[in-house]
Each structure stands twice: as C-alpha cells, then as structure tokens.
Amino acid sequence: MTVAPHAAPALSAPRAAVLREAFASGRLVRTAGAHDGLSARLAEEAGFDAVWASGLEISAAHGLPDVSLLGMAEYLSGAVAMQRSVTVPVVADCDTGFGGVLNAAHTMMRYEEAGVAGVCIEDKIFPKRNSFVNSGQKLLDIGEFGHKLEAAKGAQASPDTVLIARTEAFICGLGLQEALSRCHHYVDAGADAVLVHSKSVDSGEVVSFMREWNHRAPVVVVPTTYSDFSATEAREAGISMVIYANQGMRAAITAIRDTWATVLAEGSTAAVEPRIASVKDIFAVSGMDQWLEIDR
C-alpha cells in the first residue's frame, strides 16, 4: 500500500537532527509561522526551511487573544497537525512551558513524543501576555527560569531535540546586559539555542546582542517590528534562525476580509473567483490524489 503523503514518523530525531545540523553549519534557518496543517504546508511549499507553531496564530485561530487562555492540549494539537503535514522541522512556541517547572518537563515530553524538532520556552511569568501588548509584561526570576529549563532538558529523550530559551528582557525594557546575563544563564541550564525577542522599530537591540554574544549558542530572532531586517543582514550578524511569526495569518485576514466585502457588495462571487484559489488547488495542497490512490 502507498503511504499517505507527508505521513511523518512520530519521532523527533530525524528532523531535529536536520535543525541541529543547520545550526552547526551556520546556515540561516528561515522559518514561517503557522497555526494548522494547511498553513504549515503552504510555508513548506513556498520554500521555508522550518515551520513555527505560533502561539499567537493558534490562539487567534481559536478566536482568542494570546494571553494564556488556551492550554497545552490545544497548542500541542496544532503543532501535531503541522508536524503531520510537512517534512521540514517544526519548532513549537510553548509560551512559558504552560505553568511551572513540572509543566515545562511535561511539555518537553509531549511535544517530543509528537515529533516536534524544537521546543521554545520563554522567561515570562505564567500566565503571559503576547509580547506586543503594552502592559503586564513580567519576567520570571532568572534562577527560577533556569530551573524550568533544567527540568525540560532532563525530560528530553532524544539528544537531537532542540530546546530554545526565549528571553523577553528587551520586551520588558531591561536592556542589553540583562538580556546577555539571562541568555548565558539559560545556556548553562541546558538550552541549545536562545531566542532574543525585541519590539524595537529597528534591529539595533538584536544586533547589539550579537556583537556581545560571541556565538556561544545559536540565536533566533523574530523581526516583526523591524521588518526591514533582511536575511542577508541576519546572516552577517551571525543569527541562526529568523522567524516570520505571524505574517501568513495577517495576509490571510486581509485577503478574507477583502473577498467577503466584495461578495457582499456585488451580490455574487464572480469578481473574486479569478483571484482566489480553485477547489482543485485545495485538493492539490491537501494531497487528494495521493489519498485516492490508496483506495484504488
């Protein structure tokens, strides 16, 4: 029997090893945010190297804000759908690890079982608010977060799975030295890479971090607010991964709004049909022919 398309094994090692090798070789890993199997597959189709199982996108897809309203089950379900739909590594946005130290360990266990290549945990206090909310941003004590990372690392089964520690020091306005101190401590605690988040309008904060970091561990950035920061500039700075975390969903929202506004204004779908995907295209993206081949 022909195996269904994109039916990836539920083991983290193969794709996690790909991610680790990319980090070790110095290749920039271009990563696209997604919230379900379809958005993940479109990212892979476009040519991205990895998929980010975005907490913001998964929350929004449930019609909820990104303020820790969903639990691990919903986020994990989204990541599993992405993992099953693509062949590139999936890196999961796991917020604060969904609670305390034990929750962080449990998060690593469950996501690793699902085959996710990388788990990213951030150093904010649970429940957290999205980084671009202008109030309520609070960091966990550096030692406490290090303990969380140690627990997650201790629960890890495969040596290839990548644990990413995300610091929100810049988000909280705490400056370069705090970001550096935290990231050094997090690597000491077992993190394989660090995500340095910034909501500055330019890349100055992350570039200054890179100048002082001395490439101790791979660095991940999310250039949402400093959108003119190019892949070439990221490579030159020594950054290992760039995550375009929410642009796909933002594009979809705009397109859907425009489409429905046109349909209601004109009373039919005739005007939008030439510029939207065909049903045949949906079949192609979802693997219809390969699935029907099984049932011949």
Side-chain angles (χ1 to χ4, degrees), residues 10-13 15-16 19-20 35 52-59 62 64-83 89-131 133 136-169 171-172 178-179 181-197 217-218 220:
L11 297 172
S12 64
R15 281 187 259 179
L19 184 57
R20 278 190 176 270
H35 56 274
W52 171 251
S54 165
L56 169 63
E57 288 204 12
I58 293 171
S59 295
H62 281 76
L64 292 170
D66 182 21
V67 289
S68 296
L69 294 177
L70 298 179
M72 186 182 73
E74 290 94 343
Y75 288 113
L76 178 58
S77 176
V80 167
M82 298 178 216
Q83 166 72 14
V90 174
V91 179
D93 177 5
C94 294
D95 285 351
T96 62
F98 308 112
V101 171
L102 298 182
N103 301 93
H106 187 234
T107 295
M108 174 60 79
M109 292 175 189
R110 298 288 84 83
Y111 276 82
E112 194 175 38
E113 286 174 356
V116 171
V119 169
C120 181
I121 301 176
E122 67 186 72
D123 58 1
K124 284 199 291 214
I125 292 173
F126 176 85
K128 56 143 272 187
R129 295 184 182 185
N130 183 274
S131 302
V133 174
Q137 304 292 349
K138 299 177 181 179
L139 295 191
L140 194 64
D141 173 80
I142 188 172
E144 289 183 63
F145 188 67
H147 191 21
K148 263 191 181 183
L149 294 172
E150 289 169 352
K153 200 65 179 176
Q156 186 175 317
S158 167
D160 287 321
T161 305
V162 176
L163 175 61
I164 302 172
R166 168 173 164 172
T167 185
E168 300 278 291
I171 297 295
C172 293
E178 182 70 14
S181 295
R182 283 179 171 268
C183 287
H184 280 297
H185 186 79
Y186 299 164
V187 173
D188 289 340
D192 301 298
V194 295
L195 191 161
V196 182
H197 204 9
V220 182

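Because the structure is predicted, anything quoted here is derived from the model rather than measured.
Judged as a side chain to side chain contact (heavy atoms under 4.5 Å, CB included), and not counting sequence neighbours, L102 has no contacts. Residues satisfying the side-chain hydrogen bond (donor to acceptor under 3.5 Å, both in side chains) criterion with T107, sequence neighbours excluded, are absent altogether. Every residue two or more places apart in sequence or in another chain that forms a side chain to side chain contact (heavy atoms under 4.5 Å, CB included) with H185 is listed here: I142. With sequence neighbours left out, V80 forms a side chain to side chain contact (heavy atoms under 4.5 Å, CB included) with L76, R84, A114. Listed by chain and number, the residues in a salt bridge (charged side-chain N to carboxylate O under 4.0 Å, His left out) with E144 amount to none (sequence neighbours excluded). The side-chain hydrogen bond (donor to acceptor under 3.5 Å, both in side chains) check on H62 picks up nothing, with sequence neighbours excluded. For P89, the side chain to side chain contact (heavy atoms under 4.5 Å, CB included) partners are R15, V18, L19, A50, A117, not counting sequence neighbours. Under the side-chain hydrogen bond (donor to acceptor under 3.5 Å, both in side chains) criterion, Y75 pairs with S59, sequence neighbours left out. Every residue two or more places apart in sequence or in another chain was checked for a salt bridge (charged side-chain N to carboxylate O under 4.0 Å, His left out) with R129, and none qualifies. By the salt bridge (charged side-chain N to carboxylate O under 4.0 Å, His left out) test, E122 pairs with K124, K128, R166, sequence neighbours left out. Take Q156 and apply the side-chain hydrogen bond (donor to acceptor under 3.5 Å, both in side chains) test, not counting sequence neighbours, and it matches K153.
Between the side chains of T167 and D123, at least one donor N or O lies within less than 3.5 Å of an accepting N or O. With hydrogens and angles left out, the side-chain atoms of S131 and E168 include a donor and acceptor closer than 3.5 Å.
Residues D66 and D95 form a side-chain contact, since some pair of their non-hydrogen atoms from C-beta on lies under 4.5 Å apart.
Under the 3.5 Å distance criterion, the side-chain polar atoms of K138 are left unmatched by any main-chain donor or acceptor of C172. Counting only distance, with no hydrogens or angles, the side chain of E112 and the backbone of A157 share a donor-acceptor pair below 3.5 Å.
Contact between A92 and A53 at its shortest, heavy atoms only, is CA-CB, 4.0 Å. Between L163 and I121, the shortest heavy-atom distance links the atoms CD1-CD1, 4.3 Å. Annotation for A16 and V162: closest pair O-CG2, 4.4 Å, computed over non-hydrogen atoms. Summarising the geometry of A217 relative to V187, their closest heavy-atom pair is CB-CG2, 3.9 Å, with the distance given to 0.1 Å. Here the closest non-hydrogen pair linking A155 and A105 is CB-O, 3.5 Å. Contact record, C120 with L195: SG-CD1, 4.0 Å, taken as the closest heavy-atom pair.
Considering OG of S158 and CE of M108, their distance stands at 9.5 Å, rounded to 0.5 Å. With rounding to the nearest 0.5 Å, the separation of CE in M72 from OG in S77 is 11.5 Å. Taking CZ from R110 and SG from C94, the interatomic distance works out to 12.5 Å, rounded to the nearest 0.5 Å. Rounding to the nearest 0.5 Å places CD1 of I171 at 4.5 Å from NE2 of H197. Between I125 atom CD1 and D141 atom CG the span is 9.0 Å, to the nearest 0.5 Å. With rounding to the nearest 0.5 angstrom, the CG atom of N130 is 10.0 Å from the OG atom of S68.
The aromatic rings of F98 and Y111 lie parallel to each other, their planes meeting at an angle below 30°, with 60° marking the opposite boundary.
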Item to check | V194 and R182: CA distance, side-chain angles, deciding distance, side-chain contact (heavy atoms from CB on, under 4.5 Å) verdict | outcome: CA-CA 10 Å; V194 295; R182 283 179 171 268; over 6 Å; no
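Screening residues 71-80 for salt bridge (Lys or Arg N to Asp or Glu O under 4.0 Å) gives no qualifying pairs among residues at least two apart or on separate chains.
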